[in-house]
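What follows is a set of notes on a single structure, which appears directly below.
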Amino acid sequence: MTSLKPVRGTQDILPAESRLFRRVEETAFEVAERYGFGEITTPIFEFTEVFSRTLGDTSDIVTKEMYTFEDKGGDQITLRPEGTAGVARAFISNGLQQDLPLKLFYRGPMFRYERPQKGRRRQFRQVGVEILGVATPQADIETISIAQTFLEELGLKNNITLELNSLGDSASRNAYRDELVKYLSGHQDKLSKDSLERLTRNPLRILDSKDESDQAIVVNAPRLQDSLNDASQSFFEDLCEGLYKLGIAFEHNTNLVRGLDYYCHTAFEFTTTDLGAQGTVLAGGRYDGLVGQMGGSETPGIGWAAGVERLTLLLDDGVEAKRPIVVIPVGGEAESEALVVTEMLRKKGYRVDLGYSGNLKKRMKRANQLNAAAAILLGEDELTRNVGTLRDMDSGEQKEVSLETLEDHLAPYK
RNA sequence: GCGAACGUAGCUCAACUGGUUAGAGCACCGGCUUGUGGUGCCGGGGGUUGGGGGUUCAAGUCCCCUCGUUCGCCCCA
């Protein structure tokens, strides 16, 4: 019996919910195209190395969250836990450095072996964008503004906040990291257990620890923004000014960080308070070191990814299916003619349903459940006169129409 | 991976301190209405109470294990 349940952290998405997912993904894609992005589709699994090398051997994603297996040929394979690594790999594999700058959009399932919660699944869907080959804040501004437009068009701007920070370039960042570790090492006795581990693995993360004792120590810690060098400082200022000119509101959260080594400069998150601990709905940052680290030529990059499930949870009004026209044969003799009429209308672009069985009453009920806009009744006596009865399902009004001119009466129902 | 709560029909929920055959609303199916849906009335199907074990004369109810969901932590979208 357990085998008839979906695997933990996976779910079936039925038609009503699928419409919500499609709305999110289609909106993202449509906005991305408007901003000049092209869609890229990479495999949902890669050689494990693609992720382990880019995400770092110590990151949680690599150490405990990847679905990794050996295939029948003995290769180590991993179901992708995120989208950027695969895009970077595809960029190198396909020699796309000659096409820079590149603006890419992707969508599809990701896999992480985690404890499921609301808005957190083991198989989940993301949409995301990447801009490769632009080292200036122009790309950062565009990346954030496409995100903003996307969320706005989903109708979500009211309960979502944009948090923004700069990690500085690698020189600034490394200098700060050393300074922070030096400071925190003096307070090891008061750090939480989690943060003690982070101290060696991922010290910047301690800045946004939720532990109260940690926060008390962090308050007096050296500040990230104070160690930004001039170049990093002006990069961030240019970004802020660009956002300001576009009317994009944000909060400068100086404790917002990214753990992985290749991140630099811009880090941002769009968050909501409506989803508990899974409040991050869209997040991204600049990753100038990534492509180089994978073995490609040094190529700056910036991008974001958004969780489709989380976004659908914020869209509580459902998406109605489009209203069909239903063709109803009355009596067995009419069935074959009904099929012909149905097929003719479908080929002309109408959304038409023809039930498989049942008397008139049942078929009318079914039409009502489908939220049909109109029904076309074809009875034997009508067919001898080559007409049908067109019924408006909202008003209940009916009229006989000639089958030859049927389409002339259907415009309101297309 | 750690901590906690919860699992009764397709859905939302009942069932007094353990006590006959586990109920209701919605949904579904049929009838009132053999060429007319959405409202109404009448009837019907549907449950190994997540699964397994234990205590008891008796378990949906108590205990253990397991699976799942939810909340928090870790981490992230």
Side-chain angles (χ1 to χ4, degrees), chain A residues 1-11 14 24 28 55 58-66 81-84 107-128 147 192-195 197-198 201-202 205 208-211 214 257-260 268-272 275-285 303-314 326 328-331 334 355 358-382 388-398:
Chain A
M1 218 37 189
T2 58
S3 63
L4 293 182
K5 292 180 180 173
V7 173
R8 180 172 217 192
T10 65
Q11 62 182 337
L14 305 181
V24 171
L55 299 172
T58 57
S59 76
D60 267 38
I61 289 184
V62 171
T63 55
K64 68 174 198 189
E65 293 179 1
M66 293 200 315
E82 55 99 37
T84 304
R107 53 179 145 183
M110 307 290 167
F111 304 85
R112 288 183 201 171
Y113 191 88
E114 296 186 279
R115 195 84 175 247
Q117 286 180 37
K118 195 202 304 185
R120 167 189 290 180
R121 303 280 172 173
R122 288 183 171 179
Q123 177 178 340
F124 60 104
R125 283 152 70 165
Q126 288 188 330
V127 292
S192 66
K193 200 170 115 250
D194 284 329
S195 285
E197 249 177 70
R198 284 186 278 226
R201 223 178 60 189
N202 198 349
R205 273 276 168 210
D208 63 359
S209 169
K210 287 173 188 166
D211 184 275
D214 288 349
V257 295
R258 290 278 105 112
L260 308 177
F268 62 94
E269 293 186 0
F270 286 82
T271 60
T272 175
L275 291 177
Q278 282 71 244
T280 301
V281 121
L282 183 155
W304 53 253
V308 177
E309 281 78 3
R310 290 183 185 181
L311 290 169
T312 62
L313 289 172
L314 296 176
V326 172
I328 301 179
V330 184
N359 57 25
L360 177 55
K361 181 183 168 68
K362 269 191 203 163
R363 287 175 184 264
M364 283 298 290
K365 189 167 184 179
R366 177 77 180 145
N368 196 50
Q369 287 169 333
L370 291 171
N371 192 27
I376 298 167
L377 279 60
L378 300 174
E380 285 154 26
D381 57 314
E382 279 130 318
T389 298
L390 175 63
R391 179 181 181 90
D392 183 293
M393 292 297 284
D394 291 331
S395 66
E397 284 169 26
Q398 340 195 123

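So you know, we letter chains A, B, ... as the sequences are listed, proteins then strands, and number each from 1. Basis for what follows: all heavy atoms, side chains included, without hydrogens, waters or symmetry-related copies.
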What interatomic distance, in whole Å, is found between [atom1] of [M] and the corresponding atom of [N]?
{"N": "B:rG68", "M": "B:rG52", "atom1": "C1'", "result": "15 Å"}
{"N": "B:rA27", "M": "B:rG10", "atom1": "C1'", "result": "7 Å"}
{"N": "B:rG45", "M": "B:rA24", "atom1": "P", "result": "12 Å"}
{"N": "B:rC26", "M": "B:rG1", "atom1": "C1'", "result": "41 Å"}
{"N": "B:rG60", "M": "B:rA9", "atom1": "P", "result": "14 Å"}
{"N": "B:rU20", "M": "B:rA15", "atom1": "P", "result": "14 Å"}
{"N": "B:rG7", "M": "B:rC65", "atom1": "C1'", "result": "16 Å"}
{"N": "B:rG18", "M": "B:rG54", "atom1": "C1'", "result": "15 Å"}

hbond_proxy A:Q398 side chain to B:rU36 base (donor-acceptor, 3.5 Å cutoff):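 Yes.
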What I want to check is whether an N or O donor and acceptor connect the side chain of A:R120 with the base of B:rC75 at under 3.5 Å.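 In this structure, the two groups form a donor-acceptor pair.
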What pair of heavy atoms forms the shortest contact from [X] to [Y], and how long is it?
{"X": "A:R310", "Y": "A:V281", "result": "CB-CG2, 4.1 Å"}
{"X": "A:E309", "Y": "A:F124", "result": "OE2-CA, 3.4 Å"}
{"X": "A:V127", "Y": "A:W304", "result": "O-CZ3, 3.7 Å"}
{"X": "A:F270", "Y": "A:A147", "result": "CE1-CB, 3.7 Å"}

Check this one for me: any side-chain N or O of [X] less than 4.0 Å away from OP1 or OP2 of [N]?
{"X": "A:R115", "N": "B:rC73", "result": "no"}
{"X": "A:K118", "N": "B:rC71", "result": "yes"}
{"X": "A:Q369", "N": "B:rA27", "result": "no"}
{"X": "A:Q278", "N": "B:rA77", "result": "no"}
{"X": "A:K362", "N": "B:rG37", "result": "no"}
{"X": "A:K210", "N": "B:rC74", "result": "yes"}

Watson-Crick or G-U wobble mate for [N], both contacts under 3.5 Å:
{"N": "B:rC71", "result": "B:rG3"}
{"N": "B:rU61", "result": "none"}
{"N": "B:rC16", "result": "none"}
{"N": "B:rG47", "result": "none"}
{"N": "B:rC41", "result": "B:rG31"}
{"N": "B:rU56", "result": "none"}

Pick base, sugar-phosphate or nothing for [X], based on heavy-atom distances below 4.0 Å to the nucleic acid.
{"X": "A:G276", "value": "sugar-phosphate"}
{"X": "A:M393", "value": "base"}
{"X": "A:L282", "value": "sugar-phosphate"}
{"X": "A:R198", "value": "sugar-phosphate"}
{"X": "A:G9", "value": "sugar-phosphate"}
{"X": "A:G396", "value": "base"}
{"X": "A:E382", "value": "base"}
{"X": "A:A367", "value": "nothing"}
{"X": "A:G331", "value": "nothing"}
{"X": "A:E309", "value": "nothing"}

Toward the 5' end of RNA chain B, by each residue's nearest nucleotide, A:A306 or A:D392: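 Final value for this comparison: A:D392.
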Upstream residue (5' side of RNA chain B) when A:T280 and A:D194 are each assigned their closest nucleotide: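 Going by which nucleotide is closer to the 5' end, it is A:D194.
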Given A:L314 and A:T272, is the side-chain contact (heavy atoms from CB on, under 4.5 Å) satisfied, shown in steps? CA-CA 9 Å; A:L314 296 176; A:T272 175; 4.1 Å; yes
Spacing of [X] atom [atom1] relative to [N] atom [atom2], expressed in whole Å:
{"X": "A:E380", "N": "B:rU36", "atom1": "CD", "atom2": "C1'", "answer": "16 Å"}
{"X": "A:K365", "N": "B:rC28", "atom1": "NZ", "atom2": "P", "answer": "6 Å"}
{"X": "A:E114", "N": "B:rU69", "atom1": "CD", "atom2": "C1'", "answer": "16 Å"}
{"X": "A:R391", "N": "B:rU36", "atom1": "CZ", "atom2": "P", "answer": "10 Å"}
{"X": "A:L377", "N": "B:rG37", "atom1": "CG", "atom2": "P", "answer": "11 Å"}
{"X": "A:F124", "N": "B:rA77", "atom1": "CZ", "atom2": "C1'", "answer": "6 Å"}
{"X": "A:N359", "N": "B:rG31", "atom1": "CG", "atom2": "C1'", "answer": "12 Å"}
{"X": "A:L275", "N": "B:rC71", "atom1": "CG", "atom2": "P", "answer": "9 Å"}

So, A:E269 versus A:T280: side-chain donor-acceptor pair below 3.5 Å or not?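 A:T280 and A:E269 do have a side-chain donor-acceptor pair below 3.5 Å.
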Can you tell me if A:D214 and A:S209 form a side-chain donor-acceptor pair at under 3.5 Å?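 Judged by distance alone, the side chains do pair up.
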Kindly confirm or rule out a cation-pi arrangement of A:R122 over A:Y113, judged by NZ or CZ under 6.0 Å from the six-membered ring centre and within 45° of its axis?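 Output yes; distance and angle both within limits.
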What's the closest nucleotide to the [X] side chain, out of [options]?
{"X": "A:R8", "options": "B:rG37, B:rU69, B:rA77", "result": "B:rU69"}
{"X": "A:K5", "options": "B:rG72, B:rU33, B:rC67", "result": "B:rC67"}
{"X": "A:N368", "options": "B:rG38, B:rU36, B:rC71", "result": "B:rG38"}

Pairs of donor and acceptor atoms involving the side chains of residues 358-370 of chain A, under 3.5 Å and at least two apart or interchain, shall be tabulated with distances.
{"from": "A:N359", "atom 1": "OD1", "to": "A:K361", "atom 2": "N", "distance (Å)": "3.3"}
{"from": "A:N359", "atom 1": "OD1", "to": "A:K362", "atom 2": "N", "distance (Å)": "2.9"}
{"from": "A:R363", "atom 1": "NE", "to": "A:G358", "atom 2": "O", "distance (Å)": "2.8"}
{"from": "A:R363", "atom 1": "NH1", "to": "A:G355", "atom 2": "O", "distance (Å)": "3.3"}

